[in-house]
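What follows is a set of notes on a single structure, which appears directly below.
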Amino acid sequence: LVRLRQQVGRLRATISITPTDTDMVAQGTPTVYPDALLTGLSEPEADAGSGDAQTFELTFTIGSWR
């Protein structure tokens, strides 16, 4: 995470989003976002006493899609 935080505003990636059914089987055509820029990273509140899953959120800015 330390390296990822340092890449906010610099990292460019290709993001692909594929629709799935309830069993997580790919359905349909994926949407591809080339050259997306990482613009944010959100971390969950730290709770050492909790065994619950934590969610990290990455925010990307896109300029176009295919």
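One is the number of the first residue; the rest follow in order along the sequence.
- Looking at residues two or more places apart in sequence or on another chain, you find a side-chain contact (heavy atoms from CB on, under 4.5 Å) between S16 and T18, P30, V32.
- L4 and L37 fall into different hydrophobic clusters, defined by Ile, Leu, Val, Met, Phe, Trp and Tyr side-chain heavy atoms under 4.5 Å apart, directly or through other members.
- Under the side-chain contact (heavy atoms from CB on, under 4.5 Å) criterion, R10 pairs with Q7, sequence neighbours left out.
- Every residue meeting the side-chain contact (heavy atoms from CB on, under 4.5 Å) condition with T61, not counting sequence neighbours, appears here in chain and number order: T39.
- Distance check: I62 CD1 to I15 CD1 gives 9.5 Å after rounding to the nearest 0.5 Å.
- For the atom pair E43 CD and E57 CD, the distance stands at 11.5 Å (nearest 0.5 Å).
- Looking only at distances, no side-chain donor or acceptor of D23 sits under 3.5 Å from a matching main-chain atom of V25.
- When the shell of 6.0 Å around CZ of R3 is examined, it contains 12 or fewer heavy atoms from other residues, nucleotides or ligands.
- Under a 3.5 Å cut-off, the side chain of R12 and the backbone N or O of D35 do form a donor-acceptor pair.
- Here the OG1-CD distance, from T20 to Q27, works out to 8.0 Å after rounding to the nearest 0.5 Å.
- The side-chain heavy atoms of P44 and F56, taken from C-beta on, include a pair separated by under 4.5 Å.
- From Y33, atom OH reaches atom CD1 of I17 across 4.5 Å, with rounding to the nearest 0.5 Å.
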